[in-house]
Amino acid sequence: MKRLRDEKTIRKIYRDGERRTSNELTLLYLQNQCHRLNYAIHVGKRFGIAVRRNKIKRVFRELLLQFKEKLVGYDIVIRPKKKAEEISFHQLSQRVEKLFIEAEIPIQK
RNA sequence: GAAGUUGCUCAGGUGAUCGCGCUUCGCAGCAUGGCGGAGUGAGGAAAGUCCGAGCUCCGAAGGGCAGGGUGGUCGCUAACGGCGACUGGGGGUGACCCUAAGGAAAGUGCCACAGAAAACAAACCGCCCGCAGCGUCCAAUCGCUUAAACGAGAGGUCGAAGCAGGUAAGUUUGAAACGGUGAGGUAAGAGCUCACCGCUUUGAUGGCGACAUCGGAGGCAUGGUAAACCCCACCCGGAGCAAGACCAAAUAGGAACACAUGUCGUGUCAGGCCGAUUUUUAAAUUGUCCUGGCGCGACGAAGGGCGGCCCGUCCAAGGUGUUCGGGUUAGGUCGCUAGAACCGGAUGGUAACAUCCGGUCCAGAGAAAUGAUCAUCACUCCGGCCUUGCCGGAGAACAGAACUCGGCUUAUGCGUAACUUUGGUC
RNA sequence: GGUCCCAUCGUCUAGUGGCCUAGGACGUUGGCCUCUCACGCCGAAAACACGGGUUCGAACCCCGUUGGGACCA
């Protein structure tokens, strides 16, 4: 699992990728060539000061760790919404898994 | 016990599992990558960007003006608008706190409403004395008369207005009224005189100094406002690591507008006036001068740079300047962290701080990494119980390095020391 | 990261020490007009971002916060 830091790749995902939304986040995804999960978490300034933004990013990174072995071959971008701050880690985990199922990404056992 | 003032410390520890950034080593490998090990990894405010510096570039960072900043004194410091000590003023019962705290007798401006008057001294309302006339009242005396009544009436008293003079805040207004309070004094009053306080000025003593204490003199002149302009003293060139340096790649020498192309010298060519020579006229040759073209040299400048202006200085025909357009491009490397650094000690100093000795190496990352769960220990709070204790539950703030330091300000949890005021009990 | 600018009724604004108990326009709202609506007329409510300081007096001057906005190779 690797963090995406290349601006061009992220733009490509925004342009060509599929997207699914829930109350808590927006998920964008695109198949890639390598057999790994690359991710980016997009937290704008409307979430407040730097500490809060960093906290959201840490929560989502921890959450993606669960899917590390199951989701390979995809580049994804996660855009949290403000409601994501209000619910617990466990609830958030379920919502994300649901989104992955909706997206018909094959979850490997 | 309560309320408060000032200073200081810490910013949870340990272990396990899963993860992250950077550096480095090893293995496999040459795909956009993988696996494993080691080291290291946020703050007291990293924040606001309010000051000050280092560093880099802008010509070499020059002079003056403008502009900006600071403003008790002495010190500390690389520097500061910071810090320390002291002085004056103000606040608080107090511990203690606050203080842009130079100049209003260089000049200008402003001081609404109210008030007689708002700045330089007067006018007005008053008070007092004097003058001449008028009126009221009293009245010596006189006329007439027996007397009374009546009439006249020197002089006095009171009153209103006038003239000339004296007078100061009387009595309001106001934030503020040419010293304040008290006593004497006077026609009425007034520093007119006296005492105390204030002020001005002068001297002595103490202090490096701000200033303090004591004394003499003047009798009061100098309203407030400078976080109004201003004056005085001191300081400041501008920009900022997106500074800047190097490398690579790409574009292709683009468009529009503005401005200069002058003067002098000299060479050459062409033309013209005049003269000389040859010569029958005409024409030819040649010389001085003038005009024009070209070349060379010197001077020169519209403009531009030195990010406000002037001086000064530099560039200035191989055109320059401004604007627009196109391309690269969210390219790479360096700058980039060993420093006015941190810790401990000694010495000097009231202190800020300085010097010396010993030790330590402590993030340098592409929009950017430190976290999650569990256990346990420590801390705080709440509840219960058999109250030196045990059990259960809850909590842990503000907040995340982006070139680096020194401060200030703001946000914020817990603890602790000294001191102050106050309540209760002994 | 750095350099700057701004803040007045719900919105756009005027105000540059006293005339400010802050003016105007649009909007809101009450009444009149009309058969009703619109237009028109008369009225009302509504703001100096916050905290200190200077001054007799502050929306205005000074300092500090808070919020918003612009720019950079």
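Because the structure is a prediction, the values reported are computed rather than measured. Lettering of chains follows the sequences in order, A, B, ..., and the numbering in each one begins at 1.
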Checklist entry - With both distances kept under 3.5 Å, what pairs with B:G82, Watson-Crick or G-U wobble? => result B:C76
Item to check | Span that lies between the C1' atom of B:A176 and that of B:A117, in whole angstrom | outcome: 13 Å
Item to check | d(CZ, A:Arg52; P, B:C398) in whole Å | outcome: 11 Å
Item to check | Complement of B:G327, any strand, by Watson-Crick or G-U distances under 3.5 angstrom | outcome: none
Checklist entry - Which residues satisfy the salt bridge (Lys or Arg N to Asp or Glu O under 4.0 Å) test with A:Arg58, sequence neighbours excluded? => result none
Next on the checklist: Taking the C1' atom in each of B:A122 and B:U157, what is the distance between them to the nearest angstrom?
Outcome noted: 37 Å
Checklist entry - When rounded to the nearest Å, what value does the distance between C1' atoms of C:U11 and C:G52 take? => result 32 Å
Could you list all N or O pairs between the protein and nucleotides 15-18 of chain B that sit under 3.5 Å apart?
none

Next on the checklist: Just the rounded figure in Å: distance from C1' of B:G21 to CG of A:Asn54.
Outcome noted: 13 Å
Item to check | Spacing of A:Arg53 atom CZ relative to B:A369 atom P, expressed in whole Å | outcome: 10 Å
Checklist entry - On a whole-Å scale, what distance lies between the P atoms belonging to B:C86 and B:G413? => result 33 Å
Item to check | Chi-based syn or anti call at B:G359, which uses purine or pyrimidine torsion atoms and a 90° bound | outcome: anti
Checklist entry - Under 4.0 Å: is that the gap between some side-chain N or O of A:Arg58 and OP1 or OP2 of B:A372? => result no
Checklist entry - Taking the P atom of each, how far is B:G364 from B:G21, in whole Å? => result 15 Å
Checklist entry - Distance check: side-chain N/O of A:Arg61 vs OP1/OP2 of B:U370, anything under 4.0 Å? => result yes
